[in-house]
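See below for the structure under consideration.
Numbers restart at 1 for each chain; the letters A, B, ... are given by sequence-line order, proteins then strands.
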Number of protein chains: 2
Amino acid sequence: MADSEAGGERRSRPADVRAALVAAAAELIEALPESEVSLRAVARRAGVSHAAPAHYFPSRADLMAAGLAEGFDALTARMLARRDAAGDDPWEQLKAIGLGYIAFALERPRTYAMMFQPGYITGPDSDMARAGERCRAVLTDAVAKTRRPEGVDQDLGVALAWMNVHGFVSLITSGMLKCGPTEGANPTPAMADRLLSLTRPAFTK
Amino acid sequence: MADSEAGGERRSRPADVRAALVAAAAELIEALPESEVSLRAVARRAGVSHAAPAHYFPSRADLMAAGLAEGFDALTARMLARRDAAGDDPWEQLKAIGLGYIAFALERPRTYAMMFQPGYITGPDSDMARAGERCRAVLTDAVAKTRRPEGVDQDLGVALAWMNVHGFVSLITSGMLKCGPTEGANPTPAMADRLLSLTRPAFTK
DNA sequence: CTCCATTGCTTGACAGTGTCAAGCTCTGTA
DNA sequence: TACAGAGCTTGACACTGTCAAGCAATGGAG
């Protein structure tokens, strides 16, 4: 429409370039170690010049943050899918969210690790901060529905649930925690289930 | 002795240069964001040329790993000090270790975060891996002394204790978790205490 | 004592990086 | 047709990690 060329691919729309940059960033973040995800590598993958990103993102960190915001949205979607597949019991829903969280982090470990790296969330009103907020809201809602014992208020419950799953996957992906004797089948999901179940008393009455 | 100069500072011993590099790395790791801790900046701080580190460390990652190994040792010392100041009760000792762990991570957040960054532990027989192993041993011993309920074996106990403290401090330092209403006094230690206490049933009978 | 090999570090170079300034090429409007 | 501006490119700068070459000093052998 706005392009006189019928073929339409000779010249891309501005939004396309921006979207291509974010997509390329998200891909490279998972494909390469953090230090190798350079602004210029992202630009090359998106098929633009090395200075094109500067028209959309003030700095490298902002481009990375845009890719990481996509990561938060994918994580949120993953948790919601698992929650909706679980039953009606609040604890089962919370546990399903936790298992979905763990599954995402283990499938996209580099993206996940970078999401929690300080320095990419520039301000509380950035895209990435908002995506993180939507993610946290899923957890907060699930915790709010549980019937917790005396002394476990909502904030404490959210902290407990989150630090459990985050701590678990962080130790796994950093190589500090080897779970199980590694005999054939992957013991991680089973261990995740056992560990989450240990916190059950804090979320049931 | 080996130096003909009586002043003795004109020419430093080889071990001094290496130690100075490691010390400079440890300082800069805490003082600057990770991306700004360059090999050349460490060399400048140590007062040597930009290529001097190459004589002791094959790559930048190895120099960083040496600095991070010092971090693990400091963490280990911190946990031991707290444990020995606690009483004889196994649970109290384990909790003291956890609180020492949290205190270290919150005092040296950048060092702590980098210690768990994948890519710095090159092999299982590296200095950093061994320092991490010594650190883990403190936790393992403390968990071994506890009397845990049926179903909580030692590996599960270690995983639970570690992921709790690691998850907590990681979420705090990455800005994801704000604990308490931030009214004057720092609410973090109190929250840490409450959270650790929630896991008490897994470590007592 | 002289010579030489080795160690310990420096200087120099290279490709690659993030960021800034300038310029080119189209689009839309008058 | 001329103009204004957006969108992207090219070019440059200082900086990075790593490699090659070279200098100074030590220590041992002849």
Side-chain angles (χ1 to χ4, degrees), chain A residues 1-25 28-29 31-68 114 117 119-120 122, chain B residues 1-25 28-29 31-68 114 117 119-120 122:
Chain A
M1 286 230 221
D3 203 345
S4 59
E5 183 88 13
E9 292 193 4
R10 191 175 50 93
R11 195 134 194 94
S12 51
R13 313 268 73 251
D16 290 348
V17 171
R18 196 193 143 97
L21 283 170
V22 175
L28 288 188
I29 283 170
L32 301 174
E34 183 187 352
S35 66
E36 293 176 31
V37 186
S38 69
L39 205 150
R40 290 164 105 110
V42 173
R44 277 192 296 270
R45 186 173 191 90
V48 294
S49 77
H50 71 263
H55 275 259
Y56 301 100
F57 307 98
S59 77
R60 174 186 182 272
D62 295 278
L63 173 55
M64 297 297 135
L68 296 175
M114 214 163 151
Q117 198 95 22
Y120 291 115
T122 56
Chain B
M1 285 243 231
D3 203 342
S4 60
E5 181 88 14
E9 293 194 4
R10 192 177 49 93
R11 195 133 193 94
S12 50
R13 312 268 75 246
D16 290 348
V17 172
R18 197 194 141 96
L21 283 169
V22 175
L28 289 188
I29 282 170
L32 301 174
E34 185 187 350
S35 65
E36 292 176 32
V37 186
S38 69
L39 204 150
R40 290 163 105 109
V42 172
R44 277 192 296 268
R45 187 173 191 89
V48 293
S49 77
H50 70 263
H55 274 260
Y56 301 100
F57 307 97
S59 76
R60 174 187 181 271
D62 296 278
L63 173 54
M64 296 297 134
L68 296 175
M114 214 163 152
Q117 198 94 21
Y120 291 114
T122 56

*Upstream residue (5' side of DNA chain D) when B:Ser59 and B:His55 are each assigned their closest nucleotide*: B:Ser59

*Could you tell me the separation between the CZ atom of B:Arg18 and the P atom of C:dT7, rounded to a whole number of Å?*
17 Å

*Using a cut-off of 4.0 Å on non-hydrogen atoms, how would the nucleic acid contact of B:Ser38 be classed: base, sugar-phosphate, or nothing?*
sugar-phosphate

*Mind calculating the distance between CG (A:Leu39) and C1' (C:dT19) to the nearest angstrom?*
9 Å

*asked:* At less than 3.5 Å, do the side-chain atoms of B:Arg40 and the base atoms of D:dG17 form a donor-acceptor pair?
replied: yes

*What closest approach, in Å, do A:Asp62 and A:Phe57 show between heavy atoms, and which atom pair accounts for it?*
O-CD2, 3.7 Å

_For a quick check of understanding: with a heavy-atom distance under 4.0 Å over all strands, which category does B:Ala52 fall into, base, sugar-phosphate or nothing?_
base

*How far does CD1 of A:Ile29 sit from CD of A:Glu36, to the nearest 0.5 angstrom?*
13.5 Å

*Atom pair distance, as rounded to whole Å: CD in B:Glu34 and P in C:dT17*: 18 Å

*Separation of A:Arg45 CZ from A:Leu21 CG (nearest 0.5 Å)*: 12.5 Å

_Once hydrogens and angles are ignored, does a donor-acceptor distance under 3.5 Å link the base of D:dG11 to the side chain of A:His50?_
yes

*Return the value, rounded to whole Å, for the distance between atom OH of A:Tyr56 and atom P of D:dG7.*
6 Å

*B:Arg60 has an atom CZ; how far is it from atom P of C:dG16, in whole Å?*
19 Å

*Would you indicate, yes or no, if C:dT17 has its OP1 or OP2 atom less than 4.0 angstrom from a side-chain nitrogen or oxygen of A:Arg44?*
yes

*Separation of atom CG in B:Leu32 from atom C1' in D:dT16, rounded to whole Å*: 15 Å

*Mind listing the closest non-hydrogen atom pair of B:Ser38 and B:Arg44 along with its distance?*
OG-NH2, 4.5 Å

